[in-house]
Amino acid sequence: MKTHSYLRPIAATLLAVLTSGALFAQTSAAAPDETPQQHDARMAWFREARFGMFIHWGVYSVPAGEWNGKTEYGEWFLEQTKIPVSQYEKYAAQFNPVKFDAQAWVQLAKSAGMKYIVITSKHHDGFGMFRSDATDWCIKSTPFQRDPLKELAAACKAAGLKFCFYHSIMDWHHPDWATRRAWNDKATGTPDMDRYVAYMKVQLKELLTGYGPIGIVWFDGEWEKPWTHDRGVDLYNYVRNLQPKTIVNNRVGKGRSGMGGMDKGQGVGDYGTPEQEIPAMGFGPGVTWESCMTMNKHWGYNKNDQNWKSAEVLVRNLIDCASKGGNYLLNVGPTSEGLIPGPSVERLAAMGRWMKVNREAIYDTEASPFPKLDWGRCTRKVSGKDTTLYLHVFNWPADGKLIVPGLKNTPRRAYLLADQRHQSLTTGPAATGLCVALPATAPDALSSTVVLKIRGDLRIE
Ligand code: JFZ
C-alpha cells in the first residue's frame with residue numbers, strides 16, 4: 001500500500017524469493033480484471049484488520065466428538081466414523097441451537113478486537129448452515145428453522161464487522177462429488193462434477209446475493225482429485241462477478257502447498273492460508289496471508305477437548321502474525337445449543353483486554369524490519385517521513401535494558417503504550433544497537449509494548 005504500486009509485484013516476488021528461500025508463486029497478484037492499485041484497494045481492509053474469528057459450526061456438534069467409545073472426532077466426524085450418510089443425517093433432527101444469539105457472538109468477537117467473522121456455510125459434510133433452496137440438507141431440516149447466517153450477517157453489519165463464509169468444495173454428502181464415499185448410502189447413479197459445480201454455484205449465488213456484502217469467501221477441501229485448476233479459476237471468477245469486492249482465499253485453486261498454505265506453482269485466489277502454523281518469516285510486502293488456528297485441538301466442537309492454549313500464547317500468536325505482515329484467524333467451535341464454549345469466551349475476553357491497550361500496535365501495521373528479536377517481536381507504521389516502531393516485549397529484561405539490535409536512529413520519543421501519560425523512557429546508543437531503559441516490571445505479563453517514534457529513514461545495521 002505504501003510502496004509504489006507499479007513496483008509492487010516485482011518487489012514482492014524478489015522479496016518472497018529472498019526471505020522464504022523457496023520459489024513460491026504469489027497468491028496476492030492482481031486478478032486479471034484489475035490493476036495492482038485496484039487490487040490493493042480491494043485487499044486494504046483485510047490487511048489492516050489483522051485479526052478475525054473463524055467459526056466451525058454444524059450438525060457434528062450434536063455428537064460433540066464422541067462415537068463408539070472414542071472421543072477424538074470433530075467436523076470430520078462423518079469421514080472418520082464412516083457411518084452411513086443416512087444415519088449421519090439424523091443428527092440434523094437433533095440440532096436445535098435455541099441459545100444461539102448472533103449479537104452476542106459478534107459482540108464477543110468485536111470486544112476481542114476481531115474485525116471479521118468467517119463462518120462455515122457448508123463444511124465437508126455438505127450440510128448448509130443457511131436456508132438453501134438448492135437442497136434439504138441444510139438448516140431447514142432441523143427443528144431450529146431460523147437462518148443463523150442471516151442473523152450473523154445482520155449483527156456483523158450493525159457492529160461494523162465484515163461477514164465472511166467458509167464454503168467447502170469437497171462434499172461427502174452430495175452424490176455428484178466424484179470421489180464418492182463407500183458409506184454414502186443415499187447416492188445413486190454416476191457422479192457428475194459439472195452437475196456438482198452447478199449445485200455449488202446455486203448455493204454460492206444464494207450466499208452472495210442474500211446476505212449483504214461478503215468480505216471473504218474462504219474455500220477449502222480443494223485437494224481431492226476431482227477439483228482442478230481450471231475449475232478453480234472458473235469458481236474464482238464466478239464469485240468475483242457476483243460481488244466484485246469480495247476477497248477469495250487461495251484454496252479455491254490447486255496451488256496450495258501443504259499446511260504451509262502458500263502457493264507453489266500455478267495458484268488462484270487473493271491470499272495464502274497457513275493452517276495451524278505461523279510462518280517462520282513473512283513473505284515481503286504485497287504478499288497477503290492469514291494463519292488459521294484452533295484454541296484447543298479441534299475446529300468443530302469436541303466436548304472432551306480441554307487442550308486450551310493460554311491467553312498468553314494466543315496474544316503472542318496474534319503479535320507474531322502481525323510482525324510478519326499476516327493475519328490471525330482464530331477459531332471457535334460452538335455447541336449444538338448455540339453457545340461458544342466458556343474457555344473460548346474467557347480467552348477472547350483476555351485478548352480484548354490486551355487489545356484495548358495495544359490495538360494501535362496491531363491494526364494497519366507492517367511487518368518488522370528486524371529478522372529476529374530475542375525478547376519478542378516488532379511491528380511498524382510509516383506515515384510520511386515518520387516511522388513508529390512497536391516493540392512487543394515478551395521477555396522483560398531483568399536488568400531493565402532493552403537492546404534493539406542494530407538500530408542506529410535516535411528516537412524522538414520512547415514510551416510504554418500501557419502508560420496513559422506516555423512518559424518518556426530514556427534511550428541511548430549501546431554496543432549492539434539502541435538501548436531503551438525500562439521500569440523494573442512489565443506492565444502486562446502477556447506482552448508489553450514499547451513505542452519508538454523515529455523521524456527520517458530507518459537505519460538498521
Ligand atoms: C481443513 C479442513 O479439512 C478442516 O476441517 C478445517 O476446516 C480446516 C480449517 O481446514 O483442514 C485441512 C485441510 C487440508 C489438510 C489437512 C487439514 N491436508 O491437506 O492435509
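Along the sequence shown, residues carry numbers from 1. Note that the structure is predicted; figures quoted are calculated from it, not measured. All ligand and atom numbering here is 1-based and tracks the order in the structure.
Looking only at heavy atoms of the protein, atom 4 (C) of ligand 1 is closest to Glu75 OE2, 3.4 Å. For atom 6 (C) of ligand 1, the closest non-hydrogen atom of the protein is His56 NE2, 3.4 Å. Closest to atom 15 (C) of ligand 1, if we only count protein heavy atoms, is Met259 SD, 4.1 Å. Of all protein heavy atoms, the one lying nearest to atom 2 (C) of ligand 1 is Asp220 OD2, 3.1 Å. From the protein, the heavy atom lying nearest to atom 14 (C) of ligand 1 is Trp223 CZ3, 3.3 Å.
Relative to the ring axis of Phe163, Lys157 does not place its NZ or CZ within 45° and under 6.0 Å from the centre. Under the 6.0 Å distance and 45° angle rule, Lys150 counts as a cation-pi partner of Tyr211.
Proximity to His124 (heavy-atom distance under 4.0 Å) selects the following atoms of ligand 1: 2 (C), 3 (O). Applying the 4.0 Å criterion to heavy atoms of His123 picks out, from ligand 1, the atoms 4 (C), 5 (O), 6 (C), 7 (O). Close approach of ligand 1 to Trp76 (heavy-atom distance below 4.0 Å) involves ligand atoms 2 (C), 3 (O), 4 (C), 5 (O).
Ring centroids of Tyr60 and Tyr91 are separated by 6.0 Å or more, keeping the two rings apart.
A salt bridge is absent between Glu360 and Arg380; no separation between the charged side-chain nitrogens and carboxylate oxygens falls under 4.0 Å. Between Arg42 and Glu34 there is a salt bridge, since at least one side-chain N of the basic residue sits less than 4.0 Å from a carboxylate O of the acidic one. Remark: Asp220 engages Arg251 in a salt bridge, criterion side-chain N to carboxylate O under 4.0 Å. Between Lys297 and Glu72 no salt bridge is recorded (no basic side-chain N to carboxylate O distance below 4.0 Å).
Residue Glu275 has at least one nitrogen or oxygen atom sitting less than 3.5 Å from a nitrogen or oxygen atom of ligand 1, judged on distance alone. For Arg256, no nitrogen or oxygen atom sits less than 3.5 Å from a nitrogen or oxygen atom of ligand 1, counting backbone and side chain alike.
Enclosure of atom CD in Gln103 is not indicated, since only 12 or fewer non-hydrogen atoms of other residues, nucleotides or ligands lie within 6.0 angstrom.
At a 4.0 Å heavy-atom cut-off, ligand 1 touches Arg251 through the side chain alone. With a 4.0 Å cut-off on non-hydrogen atoms, Met293 does not touch ligand 1 at all.
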